[in-house]
Amino acid sequence: MGEHGQAVVDILTVAAGAVIHAGMGALPHPDGVAFRLWAPQATNVSVRGSFNSWATGEFAMAGEDGGHWYVDVPGAGVGDEYRYRVTQGGRDHDHIDPYAMRVSNSAGNAVVGDGAFDWEDDDFQIAPWNELVIYELHVGTFSREPGNANGLFAGVAEKFAHLRRLGINAIQIMPVAEFAGDRSWGYNPSHIFAVESSYGGPSAFRRFVKEAHRYGFAVILDVVYNHFGPSDLDLWQFGGWHEYDQGGIYFYNDWRNHTPWGATRPDYGRPEVRAFIRDNALMWLRDYHLDGLRWDQTAFIRSVNTEPSQDLPDGWRLMRDVTAELRELFPHKLLIAEDMQNDPAVTRMSGGGFGSQWDAAFVHPIRAALITPRDEERSMSVVRDALMHRYNDDVFQRVVYTESHDEVANGRARVPEEIAPGDAGAWAARKRSAQGAALVLTAPGIPMLFQGQEFLSSGWFQDSVGLDWELATKYSGVLRLYTDLVALRLNRAGVSRGLSGQGINVHHVNEADRMIAYHRWHQSAPRGDVVVVMNFANHHRTGYRVGFPRAGRWKLRFNSDGRRYGEDYCGSLCDHVLAEAFEYDGQLAAADVECGPYSVLMFSQDE
């Protein structure tokens with residue numbers, strides 16, 4: 001298969017015996033490589049490279065409609081390095097191909113690639129969205145252990161066995177488009193079509209995806225279209241043309257270019273720029289077999305600074321058009337927006353068209369409830385509202401989490417670190433962070449964990465500091481707790497189907513005692529109900545009454561205070577309760593439960 005998903009590039013037309021190949025960038029074919037570039041302000045364009053010893057002017061490109069330029073170079077081939085020379089206003093400018101699938105480095109040369117890769121029988125399909133548990137990771141730090149400077153796609157794949165034991169079924173990786181230098185969060189893309197060379201490049205990424213699919217993991221990629229660069233940004237003033245000393249043809253050249261990351265917002269009003277972004281999104285899903293995309297900070301695509309007065313209709317159009325096409329081509333793949341403004345239009349077909357979005361109405365109040373040191377400051381009504389929040393009519397239009405790359409950096413830290421600074425293994429930090437995990441994995445929505453969360457990784461996220469994998473052994477009880485919660489979320493034992501349903505009723509809210517209980521159900525499994533009880537106070541509750549949806553025997557499926565999760569925990573309680581048939585909490589039955597301090601109980605009935 002070729003870089004563009006075909007054995008050789010498509011033939012656009014045949015005129016006067018000349019074959020014109022379709023596509024943008026470098027287009028390898030059996031007799032050479034064709035090149036196409038968009039440079040609407042240029043007067044002349046040529047391509048040079050290792051195929052002609054970098055001689056200038058030998059391969060002049062012919063102008064096409066719409067400001068495009070084209071040339072076919074016989075004898076050029078895969079692996080050749082090349083650049084474009086663009087003449088505008090009597091001055092020459094050398095540029096890397098904006099569509100380059102490989103680069104020698106972020107400030108080097110474009111490299112002709114063909115995308116040849118044997119996917120074998122890879123026909124993986126992502127799980128239904130209500131049965132997903134996402135694990136976010138950063139390639140550069142996930143496998144960079146103390147004394148090991150790995151940080152490669154291959155290093156991450158070596159940890160797949162750990163992730164399979166944890167039980168997650170989707171991996172979301174922070175951006176891998178080529179960025180300046182060898183270490184970065186990835187939100188400074190220099191070349192959005194090229195895979196970061198310090199991670200292993202495009203072939204290594206394809207091997208990574210193929211192996212992930214073999215382990216049963218969907219792969220979702222973070223992409224950045226709200227700005228480019230700003231460092232090592234060859235697109236800046238591409239070809240020499242610009243207005244007011246701004247970014248030129250790929251960017252707004254007025255007040256609309258301003259973002260928190262520099263004046264590099266793409267010009268969504270230009271059809272060619274929209275096509276550039278569309279082609280990139282399509283490439284990841286088609287040529288790399290990815291199972292979804294998470295768009296970074298979409299609020300800065302649809303507006304200049306999230307203010308309604310600075311709305312960008314061009315940005316709304318970009319999102320709506322691209323998501324509509326991707327849904328048609330790949331109906332099962334997941335498109336996630338990081339919008340963080342709680343705008344339901346982002347996940348409406350007439351708005352942004354995304355399948356789901358990161359839920360600011362969950363993460364911020366839940367983290368506050370977990371982190372505050374004073375029990376009396378924990379509001380159960382705030383927790384209730386976070387659990388009940390939804391966008392539109394589908395609870396799975398939101399992604400819920402307590403830790404992400406943003407929430408554990410930028411002046412914030414991991415939840416256990418926030419609870420007990422410098423002592424993330426403290427009893428209170430383990431107990432309350434476990435409550436956070438339970439909230440994420442029992443709430444309606446698509447749950448997401450961040451790398452190392454499952455073994456109490458502490459501090460804050462830094463792209464220069466690898467995960468300490470020794471913590472997985474030190475805090476094996478915490479890891480076991482996360483593993484059990486994931487298994488319950490995905491109904492692995494057939495006793496918790498309600499956790500993957502649309503239904504939730506927070507039927508018990510006790511502000512004085514800091515107790516909350518909620519009922520979760522799946523519409524197609526009337527006997528799969530789950531009742532979750534949480535104690536947000538440092539007090540042991542005995543004989544505490546809560547409502548249950550019906551009478552009978554309710555088995556205790558999970559107790560975060562069990563000794564299997566911590567030697568200093570209270571231990572096992574009674575393995576079931578008998579709910580009696582009388583109305584309580586608006587439910588048809590009630591039972592008395594025992595709940596340890598800062599603990600979570602989960603009950604369900606046998607089918």
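Tested against D359 for a side-chain contact (heavy atoms from CB on, under 4.5 Å), the candidates H364, R390, M340, R398 yield a single pass: R398. Checked options E407, E403, E418, E417; the residue passing with R412 is E407 (criterion: salt bridge (charged side-chain N to carboxylate O under 4.0 Å, His left out)).
For N188, the side chain to side chain donor-acceptor pair (under 3.5 Å) criterion is met by S184, not counting sequence neighbours. With sequence neighbours left out, N342 forms a side chain to side chain donor-acceptor pair (under 3.5 Å) with Y391. Every residue meeting the ring pair (Phe, Tyr, Trp, His ring centres under 6.0 Å) condition with F153, not counting sequence neighbours, appears here in chain and number order: Y199, F205, F208. Scanning for side chain to side chain donor-acceptor pair (under 3.5 Å) contacts around Q587 gives an empty result, with sequence neighbours left out.
Between L479 atom CG and L166 atom CG the span is 6.5 Å, to the nearest 0.5 Å. Rounded to the nearest 0.5 angstrom, E594 CD and C574 SG are separated by 9.0 Å. Annotation: the span from L490 atom CG to I168 atom CD1 amounts to 9.5 Å, rounded to 0.5 Å. For the atom pair CG (L285) and NZ (K333), the distance works out to 5.0 Å, reported to the nearest 0.5 Å. Atom CZ of R378 is separated from atom CE of M534 by 13.0 Å, given to the nearest 0.5 angstrom. Here the CZ atom belonging to F558 is positioned 13.0 Å from the OG atom belonging to S604, to the nearest 0.5 angstrom.
More than 12 heavy atoms of other residues, nucleotides or ligands lie within 6.0 Å of CD in Q462, so this atom counts as buried by the packing criterion. In this structure, E583 places its CD atom where only 12 or fewer heavy-atom neighbours from other residues, nucleotides or ligands lie under 6.0 Å away. Around atom CD of Q523, more than 12 heavy atoms belonging to other residues, nucleotides or ligands sit under 6.0 Å away. Other residues, nucleotides and ligands place more than 12 heavy atoms under 6.0 Å from the CG atom of N410.
In terms of modelled atom types and a separation under 3.5 Å, the side chain of R520 and the main chain of I504 share no donor-acceptor contact. Not one N or O on the side chain of T347 forms a donor-acceptor pair closer than 3.5 Å with the backbone of G355. In this structure a side-chain-to-backbone donor-acceptor pair under 3.5 Å is missing from Q172 to L221. In this structure, S560 contributes its side chain and V600 its backbone to a donor-acceptor pair below 3.5 Å. Between the T141 side chain and the G466 main chain, no donor and acceptor come within less than 3.5 Å of each other. For the pair R563 (side chain) and E567 (backbone), a donor-acceptor distance under 3.5 Å is present. Listed for the N491 side chain is a donor-acceptor partner under 3.5 Å among the backbone atoms of S496.
Side-chain contact between T298 and F354: present, with at least one pair of heavy atoms (C-beta onward) separated by less than 4.5 Å. Between W129 and V395 the shortest side-chain heavy-atom distance does not fall below 4.5 Å. With contacts defined as side-chain heavy-atom distances shorter than 4.5 Å, the pair L163/F142 qualifies. Using a 4.5 Å cut-off on side-chain heavy atoms (C-beta onward), M602 and L485 make contact. Considering only heavy atoms from C-beta on, V530 stays 4.5 Å or farther from L488 through its side chain. Within the 4.5 Å cutoff, side-chain heavy atoms of I134 are placed close to those of I336. Annotation: side chain of R302 is in contact with side chain of D343 (closest heavy-atom distance under 4.5 Å). For the pair L335/F330, no side-chain contact is recorded, criterion being any heavy-atom separation below 4.5 Å from C-beta on.
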Step-by-step side-chain contact (heavy atoms from CB on, under 4.5 Å) determination, M380 to F536: CA-CA 8 Å; M380 297 300 95; F536 280 86; 3.6 Å; yes

Stepwise side-chain hydrogen bond (donor to acceptor under 3.5 Å, both in side chains) check, H213 with D291: CA-CA 10 Å; H213 287 171; D291 305 288; 2.7 Å; yes

Stepwise salt bridge (charged side-chain N to carboxylate O under 4.0 Å, His left out) test for D529 and R527: CA-CA 6 Å; D529 303 59; R527 299 289 294 185; over 6 Å; no

side-chain hydrogen bond (donor to acceptor under 3.5 Å, both in side chains) evaluation trace for N226 with Q297: CA-CA 7 Å; N226 51 59; Q297 286 287 0; over 6 Å; no

Verdict with supporting geometry, K474 and D468, salt bridge (charged side-chain N to carboxylate O under 4.0 Å, His left out): CA-CA 10 Å; K474 182 177 181 179; D468 184 355; over 6 Å; no

Working for side-chain contact (heavy atoms from CB on, under 4.5 Å), residues L556 and H576: CA-CA 5 Å; L556 180 64; H576 71 279; 5.9 Å; no

Verdict with reasoning, Y565 to R430, per side-chain contact (heavy atoms from CB on, under 4.5 Å): CA-CA 10 Å; Y565 306 131; R430 285 181 282 121; over 6 Å; no

Residues R294, E338; criterion salt bridge (charged side-chain N to carboxylate O under 4.0 Å, His left out); working and verdict: CA-CA 7 Å; R294 179 265 195 193; E338 183 208 18; 2.9 Å; yes

Verdict with reasoning, Y598 to N538, per side-chain contact (heavy atoms from CB on, under 4.5 Å): CA-CA 6 Å; Y598 300 139; N538 191 9; 3.5 Å; yes

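Ring orientation note: the planes of F582 and Y584 are nearly perpendicular, at an angle over 60° on the 30°/60° scale.
Evaluation of the ring-ring contact (aromatic ring centres under 6.0 Å, His included) test over residues 431-453, restricted to residues two or more places apart or in two chains, returns F450-F461. Note on residues 485-504: pairs passing salt bridge (Lys or Arg N to Asp or Glu O under 4.0 Å), not counting sequence neighbours, are E131-R497.
The existence of a salt bridge linking D592 and R545 is confirmed by a sub-4.0 Å separation between a basic side-chain nitrogen and an acidic carboxylate oxygen.
With ring centers used as reference points, Y135 lies 6.0 Å or more from H162. Taking the six-membered ring for Trp and the full ring otherwise, W261 and Y187 have centroids separated by 6.0 Å or more. Residues F455 and W469 place their aromatic rings such that the two centres sit under 6.0 Å apart.
Between the side chains of Q357 and D339, no donor-acceptor pair is found at a separation under 3.5 Å. Defined by atom type and a distance below 3.5 Å, a donor-acceptor pair is missing between the side-chain atoms of Y544 and N535.
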